Amino acid sequence: MNDLATLSAQYTQSTEIKVKWGEMDAFQHLNNTVYIRYIEDGRIDLLEKLGMSDDMKATNIGPVLASIQCDYLAPVTYPDTLIVFSNAKQTGPKKVEFEHKIWSKQQNCLVAQGTGMGVYYDFKQGKSCVIPDIMSAKLTTLNTL
């Protein structure tokens, strides 16, 4: 079910974003690329909540986005406030899958949903690497809440 209460219960992170007038395109709705930026905001907030940026600073290891996909379910127009719901789970020794749903407060419905795949990367060595145990444990805990 895709109602606000269910989404709030199912997703670890929620990020509220106000739609800006300048984000609309010539067709007078939110430009398709903006949804990807909003998904990025949700993903970054989730990673911050998990402490991944502190870990990245200490180890020079962290996730990089390998792919992203978005399904547009309803047009969004200014003014509106959206809520980006975000979750993550480890899907392999080096991979993290992100899931996002975008809720419109004005329309009171789901307006977009997307997924992304992150690959853990060692920035010093310039190649992919196994997710550190501490981050793997946080991702596992995240999906048992």
Side-chain angles (χ1 to χ4, degrees), residues 1-57 61-123 126-145:
M1 180 174 236
N2 285 321
D3 61 63
L4 192 54
T6 302
L7 292 170
S8 295
Q10 290 177 341
Y11 285 80
T12 303
Q13 177 64 39
S14 62
T15 301
E16 210 169 274
I17 300 171
K18 289 190 179 226
V19 173
K20 293 150 202 74
W21 172 262
E23 294 172 329
M24 291 192 302
D25 60 20
F27 298 106
Q28 297 302 303
H29 59 75
L30 194 64
N31 185 276
N32 64 304
T33 62
V34 176
Y35 292 83
I36 301 299
R37 287 198 313 249
Y38 289 170
I39 286 172
E40 177 183 53
D41 290 342
R43 182 177 66 253
I44 297 302
D45 284 352
L46 176 62
L47 293 174
E48 290 289 331
K49 185 175 191 169
L50 293 174
M52 287 190 191
S53 70
D54 289 338
D55 189 59
M56 282 177 64
K57 288 175 190 170
I61 295 172
V64 293
L65 192 63
S67 67
I68 193 162
Q69 175 271 325
C70 184
D71 294 324
Y72 307 99
L73 307 174
V76 172
T77 58
Y78 174 88
D80 200 347
T81 300
L82 304 178
I83 304 171
V84 180
F85 292 96
S86 304
N87 265 343
K89 66 180 175 182
Q90 186 173 342
T91 58
K94 299 179 179 185
K95 294 182 181 180
V96 178
E97 182 178 302
F98 299 98
E99 181 184 4
H100 308 277
K101 298 207 182 235
I102 302 177
W103 181 269
S104 163
K105 284 188 166 184
Q106 180 179 317
Q107 297 177 58
N108 196 36
C109 70
L110 199 61
V111 294
Q113 57 191 12
T115 58
M117 181 61 67
V119 174
Y120 252 74
Y121 192 79
D122 184 323
F123 293 94
K127 63 180 184 178
S128 66
C129 65
V130 173
I131 298 172
D133 291 341
I134 192 162
M135 285 298 122
S136 184
K138 287 181 181 184
L139 289 164
T140 299
T141 302
L142 181 72
N143 290 291
T144 58
L145 300 176

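Atoms considered below: every heavy atom in the structure, side chains included; atoms not considered: hydrogens, waters and symmetry mates. The structure presented is a predicted model; accordingly, all values stated were derived computationally and were not measured.
Judged purely by distance below 3.5 Å, without hydrogens or angles, the side chains of Thr77 and His29 never pair a donor atom with an acceptor atom. Using a 3.5 Å distance cut-off with no hydrogens or angles, the side chains of Thr6 and Asp3 do pair a donor with an acceptor.
Counting only heavy atoms from C-beta outward, the side chains of Lys89 and Leu142 never approach each other to under 4.5 Å. Here the side chains of Ser86 and Thr12 are not in contact, with every heavy-atom distance at 4.5 Å or above. For the pair Gln107/Val76, a side-chain contact is recorded, criterion being any heavy-atom separation below 4.5 Å from C-beta on. Using a 4.5 Å heavy-atom cutoff, the side chains of Thr33 and Ile36 are not in contact. Looking at Phe85 and Ile102, their side chains never come closer than 4.5 Å, going by heavy atoms from C-beta outward. Looking only at side-chain heavy atoms (C-beta outward), Asn2 and Leu7 come within less than 4.5 Å of each other.
The side-chain hydrogen bond (donor to acceptor under 3.5 Å, both in side chains) search around Asp45 returns Thr15, not counting sequence neighbours. Scored by the side-chain contact (heavy atoms from CB on, under 4.5 Å) test, Glu40 finds Arg43, Ile44 as partners (sequence neighbours excluded). Partners of Lys94 under the side-chain hydrogen bond (donor to acceptor under 3.5 Å, both in side chains) rule, at least two apart in sequence or in another chain, are Ser128. Residues that satisfy the side-chain contact (heavy atoms from CB on, under 4.5 Å) test with Asp122, not counting sequence neighbours, are Ile61, Lys124, Gln125, Cys129. Evaluation of the side-chain contact (heavy atoms from CB on, under 4.5 Å) rule for Thr115 yields Gln69 as partners, not counting sequence neighbours.
Atom CG of Leu65 sits in a crowded spot, with more than 12 heavy atoms from other residues, nucleotides or ligands closer than 6.0 Å.
Put simply, CD on Glu99 and CD on Gln113 are 8.0 Å apart, with the number rounded to the nearest 0.5 Å.
In plain terms, the two heavy atoms of Gly62 and Phe123 that are nearest each other are N-CE1, 3.9 Å.
The stretch residues 19-28 participates, sequence neighbours left out, in these side-chain hydrogen bond (donor to acceptor under 3.5 Å, both in side chains) pairs: Glu23-Tyr38.
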